[in-house]
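What follows is a single structure, written as structure tokens, with notes after it.
Atoms considered below: every heavy atom in the structure, side chains included; atoms not considered: hydrogens, waters and symmetry mates. If you're wondering where the values come from, they're calculated on a predicted model, not measured in any experiment.
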Amino acid sequence: ESRGDEVRKGRDMRNVGWLAAGVVMLMGSAACSRQPEFQLIGSIHEIMEGAVAPPAEVVWGSISTIVDADGIHEKQPQTDQEWEIVEHAAIALAESGNLLLMEGRTQDGKWVEYVQDMIRTSVMARDAAREKNAGQVLEAGEVIYNACTGCHQSYITEQ
């Protein structure tokens, strides 16, 4: 073999080496990008009590009208911080819906519909809070409440 052939073979071997290194790196990054395995820790009841109910109560309690002997009293967030609390509660409520949809917790198609309604309307409440729109927060809260009530009527049994 000539000196030129040896140089070409050396270059080809280096290129194969770089190609192999690139393939190994891609395989490693693909392995790292795989979805982690989730562990079910809490029961559905525990998730409802610990992750769903608290932010739902914040959203529902953020806007109200009280009529008493002293007149009509309107309540809604007044400061940016108060609106942010409602926004974050709506986000937490929507994300808790994802916990309810995890494999091992999903009940049936109707369950999925109720949870997806809760997520969708929680996102509406988040958007309304970002816009500081009390009327829309109130409307979204009502639809969230209806989704929760429908689900409870379908899945909670008397103990």
Side-chain angles (χ1 to χ4, degrees), residues 16-68 73-159:
V16 168
W18 283 111
L19 179 62
V23 168
V24 168
M25 285 174 40
L26 284 173
M27 290 173 60
S29 69
C32 291
S33 68
R34 274 188 268 163
Q35 187 72 348
E37 288 193 32
F38 294 103
Q39 296 179 359
L40 300 180
I41 306 300
S43 68
I44 290 173
H45 176 75
E46 290 169 327
I47 290 170
M48 292 294 185
E49 291 295 317
V52 175
E57 294 293 337
V58 170
V59 172
W60 293 329
S62 67
I63 313 291
S64 65
T65 301
I66 299 171
V67 179
D68 62 17
H73 310 279
E74 302 284 337
K75 177 189 172 216
Q76 72 178 50
Q78 298 298 312
T79 66
D80 288 346
Q81 183 180 15
E82 290 173 346
W83 280 108
E84 194 173 85
I85 289 168
V86 177
E87 176 188 347
H88 291 167
I91 291 168
L93 184 58
E95 289 291 358
S96 68
N98 291 322
L99 295 174
L100 296 172
L101 292 175
M102 287 174 64
E103 187 175 332
R105 290 199 180 108
T106 304
Q107 304 290 314
D108 57 28
K110 193 65 177 169
W111 169 268
V112 171
E113 286 179 36
Y114 284 128
V115 174
Q116 288 175 335
D117 281 349
M118 184 185 79
I119 293 169
R120 179 182 52 77
T121 54
S122 296
V123 170
M124 290 170 50
R126 177 210 59 194
D127 294 345
R130 284 181 178 169
E131 296 170 11
K132 298 177 177 58
N133 187 320
Q136 287 180 358
V137 170
L138 187 63
E139 288 175 26
E142 180 181 4
V143 181
I144 293 166
Y145 179 82
N146 292 337
C148 292
T149 300
C151 187
H152 292 181
Q153 290 174 345
S154 297
Y155 295 100
I156 294 179
T157 57
E158 295 298 319
Q159 304 205 15

By side chain to side chain contact (heavy atoms under 4.5 Å, CB included) - contacts of Gln39 (at least two apart): Ile41
Would a 4.5 Å heavy-atom cut-off, applied to side chains only, mark Gln76 and Val137 as touching? no
How far does SG of Cys148 sit from CG of Leu93, to the nearest 0.5 angstrom? 6.5 Å
Can you name the residues that form a salt bridge (Lys or Arg N to Asp or Glu O under 4.0 Å) with Asp80, not counting sequence neighbours? Lys132
Which residues share a salt bridge (Lys or Arg N to Asp or Glu O under 4.0 Å) with Glu113, sequence neighbours left out: Lys110
Excluding sequence neighbours, so at least two apart, what forms side chain to side chain donor-acceptor pair (under 3.5 Å) with Asn133? none
By side chain to side chain donor-acceptor pair (under 3.5 Å), Glu95 pairs with (sequence neighbours left out) Asn98
For Ser64, side chain to side chain donor-acceptor pair (under 3.5 Å) partners two or more places apart: none
Test side chain to side chain contact (heavy atoms under 4.5 Å, CB included) on Asp68 and His73; report intermediate values, then the result. CA-CA 8 Å; Asp68 62 17; His73 310 279; 2.9 Å; yes
If a pair satisfies side chain to side chain donor-acceptor pair (under 3.5 Å) and one of its residues is in residues 138-149, list it, with sequence neighbours excluded. none
On a heavy-atom basis, the closest approach of Ile63 and Pro77 is CD1-CD, 3.6 Å
Considering all heavy atoms of both residues, which atom of Met118 and which atom of Ser96 are nearest to each other, and what is their separation? CE-OG, 3.9 Å
Tell me, which pairs form a ring pair (Phe, Tyr, Trp, His ring centres under 6.0 Å) where one or both residues lie in residues 118-141, sequence neighbours left out? none
Dump the intermediate steps for side chain to side chain contact (heavy atoms under 4.5 Å, CB included) on Asp117 and Arg120, then the final yes or no. CA-CA 5 Å; Asp117 281 349; Arg120 179 182 52 77; 3.4 Å; yes
Determine all donor-acceptor pairs shorter than 3.5 Å in which one atom belongs to a side chain in residues 48-60; sequence neighbours excluded.
unit_1: Trp60; atom_1: NE1; unit_2: Gly141; atom_2: O; d: 2.9

Tell me which pairs pass side chain to side chain donor-acceptor pair (under 3.5 Å) where either residue lies in residues 121-130, with sequence neighbours left out. Glu87-Arg130
Considering residues at least two apart in sequence or located in another chain, which fulfil the side chain to side chain donor-acceptor pair (under 3.5 Å) criterion with Gln78? none
Quick one: which residue pairs count as a ring pair (Phe, Tyr, Trp, His ring centres under 6.0 Å) with a foot in residues 82-132, not counting sequence neighbours? Trp111-Tyr155
For a quick test of reading the model, state the closest non-hydrogen atom pair linking Ala129 to Val86 and the distance between them. CB-CG1, 3.9 Å
How far does CE of Met102 sit from CG of Leu40, to the nearest 0.5 angstrom? 5.0 Å
Is the count of non-hydrogen atoms from other residues, nucleotides or ligands lying under 6.0 Å from Glu103 atom CD greater than 12? no
Could you grab the distance from atom CD1 of Ile44 to atom SG of Cys151, nearest 0.5 Å is fine? 8.5 Å
